Amino acid sequence: MKLATWNVNSLRVRLAHLGDWLAASPVDVVGLQELKLPDEDFPQSQIEAFGLHAAWFGQRTYNGVAILSRAPIVDVTTGIPGFDDPQRRVIAGTVDGVRVINVYVPNGQSVGSDKYAYKLDWLARLRDYVARELTRYERLAVIGDYNIAPEDRDVHDPAKWEGSVHVSAPERAALQDLLSTGLHDTFRLFEQPPETYSWWDYRMGAFRRNHGLRIDLVLASAALSRSCIGCHVDRTPRTWERPSDHAPVVATFDIG
DNA sequence: ATGGCTAACATGGTTAGA
């Protein structure tokens with residue numbers, strides 16, 4: 001099973017890229033973030049024309065998440081149960097016995113801001129949710145745009161970024177808290193090229209200069225991570241005309 | 001040097017992203 005995450009930064013604008021990417025690099029499941037469209041505008045027929053099932057949780061202008069899958073998606077839930085969050089950032093479903101939680105973690109804007117406080121609170125709620133789901137599902141993946149670079153090696157210029165949002169100690173501690181429930185960063189299960197990132201600013205030629213962050217992650221429960229045989233960032237769509245600022249991340253599992 | 005780019009909403013200028 002190939003399981004991917006991709007922040008498309010507007011599904012409307014990126015639909016052709018999505019189709020081209022899926023045709024060139026088929027995956028079994030992909031979690032999308034930043035749909036930026038309401039549920040009634042979700043391009044269901046076009047996604048089905050790609051040969052995929054879909055479950056979505058959209059929102060006008062901001063946020064919005066979806067799961068696309070070759071096989072049917074069952075037991076779909078949206079949001080974090082018990083958390084009345086007006087921002088639509090979480091969708092979960094089960095595909096071929098694997099539970100997939102797809103998340104779009106808040107950006108946080110800047111350290112100390114209201115949005116930063118919301119991000120930390122949100123991450124605490126996600127942690128509690130994941131801890132509960134780990135007791136229900138042995139094979140669980142928590143994928144998405146985390147808006148946190150786990151370590152300095154996930155940052156192109158750690159000195160410049162030190163203390164900033166996406167790398168600050170409280171954010172990294174919150175991510176470690178999430179991992180400590182029993183998840184593994186599949187990217188780090190394997191030797192990787194140095195300076196591998198998943199997001200590059202649109203400005204200042206950041207992609208050309210590889211000035212990026214690795215903030216898009218495929219996390220897997222212990223049982224699922226034992227079957228993981230690879231994880232990589234696919235930079236190809238980031239080279240296309242009018243790209244998303246994020247690249248897809250793909251993890252492969254040998255689960256028969 | 002708080003700039004630089006992109007998308008949405010709106011229709012020119014602001015908000016948000018990361």
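By convention in this document, chain letters (A, B, ...) are assigned in the order of the sequence lines, proteins followed by strands, and residues within each chain are numbered from 1. Model, not experiment: these values are computed from the prediction.
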Short side-chain N/O contact from [X] to OP1 or OP2 of [N], under 4.0 Å:
X	N	answer
A:Asn107	B:dA18	yes
A:Ser10	B:dA8	yes
A:Lys36	B:dC9	no
A:His246	B:dG17	no

Using heavy-atom distances to pick each residue's nearest nucleotide on DNA chain B, tell me which of A:Ile215 and A:Arg14 is more 5'. A:Arg14
Hey, which sits more toward the 5' end of DNA chain B by its nearest nucleotide, A:Asn9 or A:His166? A:Asn9
Which is true for [X] with a 4.0 Å heavy-atom rule: it touches a base, it touches only sugar-phosphate, or it touches nothing?
X	result
A:Asp216	nothing
A:Asn7	sugar-phosphate
A:Tyr104	sugar-phosphate
A:Glu34	sugar-phosphate

Whole-Å distance separating the [atom1] atom of [X] from the [atom2] atom of [N]:
X	N	atom1	atom2	result
A:Tyr118	B:dG17	OH	C1'	14 Å
A:Asn63	B:dG17	CG	P	8 Å
A:Arg238	B:dA18	CZ	C1'	12 Å
A:Leu217	B:dA18	CG	P	13 Å
A:Gln59	B:dA16	CD	P	12 Å
A:Glu171	B:dA18	CD	C1'	10 Å
A:Arg12	B:dT6	CZ	C1'	15 Å
A:Arg89	B:dG17	CZ	P	7 Å

Using the test side chain to side chain donor-acceptor pair (under 3.5 Å), find all partners of [X] that sit at least two apart in sequence or belong to another chain.
X	answer
A:Tyr129	none
A:Asp245	A:Trp199
A:Asp185	A:Arg214
A:Ser198	A:Asp216

Spacing of the P atoms in B:dG13 and B:dG4 (rounded, Å): 16 Å
What's the gap between B:dA1 and B:dA18 when it is taken at their P atoms, as a whole Å value? 27 Å
Check nucleotides 2-5 of chain B for protein N or O atoms closer than 3.5 Å to its own N or O atoms and list the pairs.
unit_1: B:dG4; atom_1: O6; unit_2: A:Arg203; atom_2: NH1; d: 3.3
unit_1: B:dG4; atom_1: N1; unit_2: A:Arg203; atom_2: NH1; d: 2.7

Would you say the ring centers of A:Trp21 and A:Trp6 fall short of 6.0 Å from each other? yes
Output yes when A:Arg172 and A:Asp154 qualify as a salt bridge under the 4.0 Å nitrogen-oxygen rule, no when they do not. no
Under 4.5 Å between side-chain heavy atoms, hopping through other hydrophobics if needed: is there a path connecting A:Leu35 to A:Val27? yes
Is a donor-acceptor contact shorter than 3.5 angstrom present between the side chain of A:Asn147 and the base of B:dA18? no
Sequence neighbours excluded, which residues qualify as salt bridge (charged side-chain N to carboxylate O under 4.0 Å, His left out) partners of A:Arg208? none
Would you mind telling me which of B:dA18, B:dA8, B:dG17 lies closest to the side-chain atoms of A:Lys115? B:dG17
